[in-house]
2 protein chains.
Amino acid sequence: MTTVRTSAPAGTGRGRRSGRSAGDDRESAILATAERLLGQRAFSEISIDDLARGAGISRPTFYFYFPSKDAVLLTLLDRVTEEADRAAADVLVHLADDPRARWRELISRFHATFGAHRSVVLACAEVRGTNAEVRRLWATVLERWVQAVEAAIEAERRRGAAPAGLPARDLAIALNSMNERVWYATFAGDGPAVAERDVVDVLLDVWLTAVYRTTSPA
Amino acid sequence: MTTVRTSAPAGTGRGRRSGRSAGDDRESAILATAERLLGQRAFSEISIDDLARGAGISRPTFYFYFPSKDAVLLTLLDRVTEEADRAAADVLVHLADDPRARWRELISRFHATFGAHRSVVLACAEVRGTNAEVRRLWATVLERWVQAVEAAIEAERRRGAAPAGLPARDLAIALNSMNERVWYATFAGDGPAVAERDVVDVLLDVWLTAVYRTTSPA
DNA sequence: ACATGCGTCAACACCCTGTCGAGAACCATC
DNA sequence: GATGGTTCTCGACAGGGTGTTGACGCATGT
């Protein structure tokens, strides 16, 4: 769990007495409203007032719970990336038996997780350009995945399943970047995109050829 | 040249008497100011007032030349993509003699063009999330490149230089997407990125293995 | 001289963000 | 059931940005 908020108020660290309290409900209500509204329109089209009204509070009260609109999105993003991390954990450790199936599983799980929260992911892509915090959080998450893939590629090379080639880190960056961009295009539906039901197979194919120089590794 | 502006005023279609006029100077001044300012700070940090003052006019007068701040960026983007198109033209037609060198040339030229105008490209990435016009323009540009690459892949397969595999269009989309995202990370400098001097070689390697299943095609 | 259209800007209306200070509601303790 | 301290709430304000309006110069051709 990455630290999300710059200033103090909202969240678990505020110093609430103990369990449930009215404030927690409000906070969840804001989050829920945000996710609901994101399914309807773009993040930039949603004002803090919309979020507040949706949660049944006034705009100044919103600021008691979150320092800004972006902080809400950051919290949402945090959840999604945690889920993605959980989904991807352990997939690459037993790569040696049936590598093709493992790699496919990895890509497929990311696809499923992002697809399930596409409005949040799309919103993050929308503000990544303007919000340094979203950019940083996304960068650290991506870095984790890159390192996992890098390690897996090196392991495959050590056991002789994959030939030497590009530095494993550069390859891992390139492949993860490809996935990210292709998913974005697929989910956003703008511009040239791979059909959603084919996207896992297309990405997998490029991954396998890049790592093994063949699509059916040992 | 794609149509850029929604409403009438600026540009060549405004109905000016003939050649030079004070208005053209102002328009260039706005464009130049925008490009200069983009070298210093993010697009969202630049107000219309900044652009106007930089061009020596008042804010309302700015609206005489451009309908919005985004329209300025769109004009800038239009120039860059035209340049990129010119740079890429003809590179893929003689693929058969020395394919490796040709593909490398293609990637390398894009890299050079985007690198030369990185502030504009970065700014476009910044607003792509919120501005539908930028998104559309970028999409059409990307579509052109995808089609060119798709055709090249199919030609290579026909002459037996590349094996069959993924639908050429899907492959072209995936590879172009990868380049776009990797370039962005490299230029923006946020998150995991490939070193700028290696980026062409890394991308080329993935392209060649994906298309030919080897890095040294016939 | 005079109409026409380009070029210009002060002033306005509007929307959105973030803050401040005055309270209301809650909960522990005496 | 008073007291005191947090938690929580919002009306009102200040500020900054966008886009529009209406009136006014200044060329130019007739």
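Each chain gets a letter, A, B and so on, in the order the sequences are listed, and its residues count up from 1.
In this structure, CD1 on A:Ile173 lies 8.5 Å from CG on A:Asn176, to the nearest 0.5 angstrom. The CG atom of A:Asp25 sits 11.0 Å away from the CD1 atom of A:Ile30 when rounded to the nearest 0.5 Å.
In this structure, CG of B:Asp70 is placed 12 Å from C1' of D:dT18, rounded to the nearest angstrom. Across the protein-nucleic acid pair, B:Glu27 atom CD and C:dC6 atom C1' stand 14 Å apart, rounded to whole Å. Here the P atom of nucleotide C:dT17 and the CZ atom of A:Arg53 are 13 Å apart, to the nearest Å. Atom CZ in A:Phe66 sits roughly 19 Å away from atom C1' in C:dT19 (whole-Å rounding). Residue A:Tyr63 contributes atom OH, which lies 18 Å from atom P of D:dA12 at whole-angstrom precision. Atom CZ of B:Phe62 is separated from atom C1' of C:dG7 by 15 Å (rounded to the nearest Å). Across the protein-nucleic acid pair, B:Lys69 atom NZ and D:dG16 atom P stand 16 Å apart, rounded to whole Å. For the pair A:Phe64 CZ and C:dA24 P, the interatomic distance rounds to 18 Å; values are reported in whole Å.
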Between B:Asn179 and B:Trp145, does a side-chain contact (heavy atoms from CB on, under 4.5 Å) hold up when you go through it step by step?
CA-CA 12 Å; B:Asn179 284 21; B:Trp145 298 338; over 6 Å; no

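For the residue pair A:Asp190 / B:Trp138, no side-chain donor-acceptor distance below 3.5 Å is found, with atom types taken as modelled.
Contacts of B:Glu83 classified as side-chain hydrogen bond (donor to acceptor under 3.5 Å, both in side chains), with partners at least two apart in sequence or in another chain: B:His117.
Residue B:Asp50 comes nearest to B:Thr33 through the heavy atom pair O-CG2, 4.1 Å, listed as atom of the first residue, atom of the second, then distance.
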Atom pairs under 3.5 Å: protein N/O with N/O of nucleotides 9-16 of chain C:
from	atom 1	to	atom 2	distance (Å)
C:dC9	OP2	B:Ser58	N	2.9
C:dC9	OP2	B:Ser58	OG	3.2
C:dC9	OP2	B:Thr61	OG1	2.9
C:dC9	O5'	B:Ser58	OG	3.4

